[in-house]
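Structure, as structure tokens:
What's counted below: heavy atoms across the whole structure, side chains too, no hydrogens, waters or symmetry copies.
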Amino acid sequence: VGDVSAAYPGAHLTVLPTYRCTAACTQCCFESNPHVEGRIPLDRILGYIDQAARDFPTLRLVVFSGGECFLLRHDLDAAIAQAANHGLATRCVTNGYWATSKKTAAERLAPLYEAGLSELNFSTGDDHQKFVPYERVVFGAATAAEFGLRALIVVEGRAGARFTMEDALAHPDLAEFMRASPARANLDLLNNIWIPFRDDEEIAQPDAAYRTRERLEGFRGCDNVLENMVITPHERLASCCGLTFEHIPEMKIGDARARGLRELYDGQLEDFMKIWIRVEGPEKI
């Protein structure tokens with residue numbers, strides 16, 4: 001595969017500052033809920049951002065997720081500002097619990113906008129809406145778009161879902177926003193695959209031919225492994241976008257408190273499995 005380090009030198013940094021969340025979705029890949037304790041202290045979050053910006057010249061984006069990253073409150077503003085000061089794009093992933101109205105959404109987003117936030121992703125669907133009403137997602141996403149931020153509403157995708165993309169688009173406030181607001185170009189919606197994480201519930205995907213030979217031929221290598229560095233709330237560096245990696249020891253590449261991010265990252269470049277996943281993709285493997 002040639003010089004892997006030159007091809008994939010860590011373009012994204014994802015910070016998972018906590019697994020605590022205001023929701024407790026049944027199929028959450030991190031098993032997040034309101035009772036999870038622990039988070040990365042702000043000074044170390046800022047240090048990881050500085051370190052990544054210094055040691056990875058191709059770094060372009062810092063993502064804050066969780067858990068629920070908005071539980072960091074003003075520490076989230078400070079972390080966004082630190083990344084933006086390095087010229088990096090920033091994204092937050094949230095369930096939107098804080099957007100109880102357009103007014104409260106604007107009050108919360110104003111300091112993030114001033115800090116340099118670029119994008120805001122909202123998660124919703126059957127599981128999420130047991131804890132966060134969809135109207136809060138609409139308030140948050142529309143307000144973010146009006147600030148000039150890129151806003152994305154991600155709807156859980158599964159066969160037999162009660163809440164679908166059509167339902168998301170049909171919400172009267174969102175429908176009116178998409179019809180009439182000059183900021184509508186800043187807001188998109190996306191169906192995301194919602195997979196089963198627990199054995200006591202089966203989740204089917206709409207495409208029954210998911211594993212046919214024809215579909216497999218269309219799959220490519222994973223575009224996340226070796227490109228996205230993930231710092232967990234336990235301050236371990238991982239080489240994965242998220243799904244269930246806390247239960248996959250091979251995706252952990254070391255303690256970020258004990259060794260530098262670049263040293264940890266480079267250590268995986270002779271890992272045959274990660275290179276194979278990158279080149280062929282997990283479906284073909």
Separation between [atom1] of [X] and [atom2] of [Y], rounded to the nearest 0.5 Å:
X    : Y    : atom1 : atom2 : answer
T14  : L237 : OG1   : CG    : 10.0 Å
N192 : L190 : CG    : CG    : 6.0 Å
L264 : I253 : CG    : CD1   : 6.0 Å
L117 : I80  : CG    : CD1   : 5.0 Å
R60  : T90  : CZ    : OG1   : 14.5 Å
K103 : T143 : NZ    : OG1   : 12.0 Å

Give a yes or no on whether the backbone of [Y] and the side-chain of [X] come within a donor-acceptor separation of less than 3.5 Å.
X    : Y    : answer
Q268 : K274 : no
K284 : G221 : no
R262 : D55  : yes
E68  : N95  : yes
S32  : G66  : no
D126 : R162 : yes
Q51  : L261 : yes
T124 : V155 : no

Considering residues at least two apart in sequence or located in another chain, which fulfil the side-chain contact (heavy atoms from CB on, under 4.5 Å) criterion with [X]?
X    : answer
T18  : R20, R39, L72
N33  : A24, H35, V36
A89  : L61, S118
S123 : V93, H128

Do the side chains of [X] and [Y] join up, straight or via other hydrophobic residues, at under 4.5 Å, putting them in one cluster?
X    : Y    : value
W98  : V137 : yes
L152 : L187 : no
L59  : I49  : yes
M251 : I285 : yes
Y48  : V63  : no

Can you give me the closest heavy-atom contact between [X] and [Y], atom names plus distance?
X    : Y    : answer
G148 : N186 : CA-ND2, 3.8 Å
A84  : G116 : CB-CA, 4.0 Å
P34  : A23  : CD-O, 3.7 Å
L109 : G140 : CD1-O, 3.9 Å
L46  : A79  : CD2-CA, 3.8 Å
A145 : F177 : CB-CZ, 3.7 Å

Listed partners of [X] passing side-chain hydrogen bond (donor to acceptor under 3.5 Å, both in side chains), at least two apart:
X    : value
W276 : none
D50  : Q82, H86
R257 : D255
R136 : none

Should we count OH of Y113 as having more than 12 external heavy atoms under 6.0 Å?
no

Side-chain heavy-atom pair [X], [Y] within 4.5 angstrom cut-off:
X    : Y    : value
F122 : T94  : yes
L174 : L189 : yes
F70  : L76  : yes
L13  : I231 : yes
K102 : E146 : yes
I277 : E250 : no
E107 : S101 : no
F147 : L120 : no

Take F56 and H12 through the side chain to side chain contact (heavy atoms under 4.5 Å, CB included) test and state the conclusion after the steps.
CA-CA 10 Å; F56 294 87; H12 304 153; over 6 Å; no

Going by the side chain to side chain donor-acceptor pair (under 3.5 Å) test, which pairs reach into residues 172-181, not counting sequence neighbours?
E176-R179

Stepwise side chain to side chain contact (heavy atoms under 4.5 Å, CB included) test for E31 and H247:
CA-CA 11 Å; E31 300 165 284; H247 293 260; 3.0 Å; yes

With sequence neighbours excluded, what pairs up with F163 under the ring-ring contact (aromatic ring centres under 6.0 Å, His included) test?
Y134

Scan for salt bridge (Lys or Arg N to Asp or Glu O under 4.0 Å) pairs involving residues 77-96, sequence neighbours excluded, and state none if there are none.
D77-R108, R91-E119

Which residues share a salt bridge (Lys or Arg N to Asp or Glu O under 4.0 Å) with R259, sequence neighbours left out:
E263

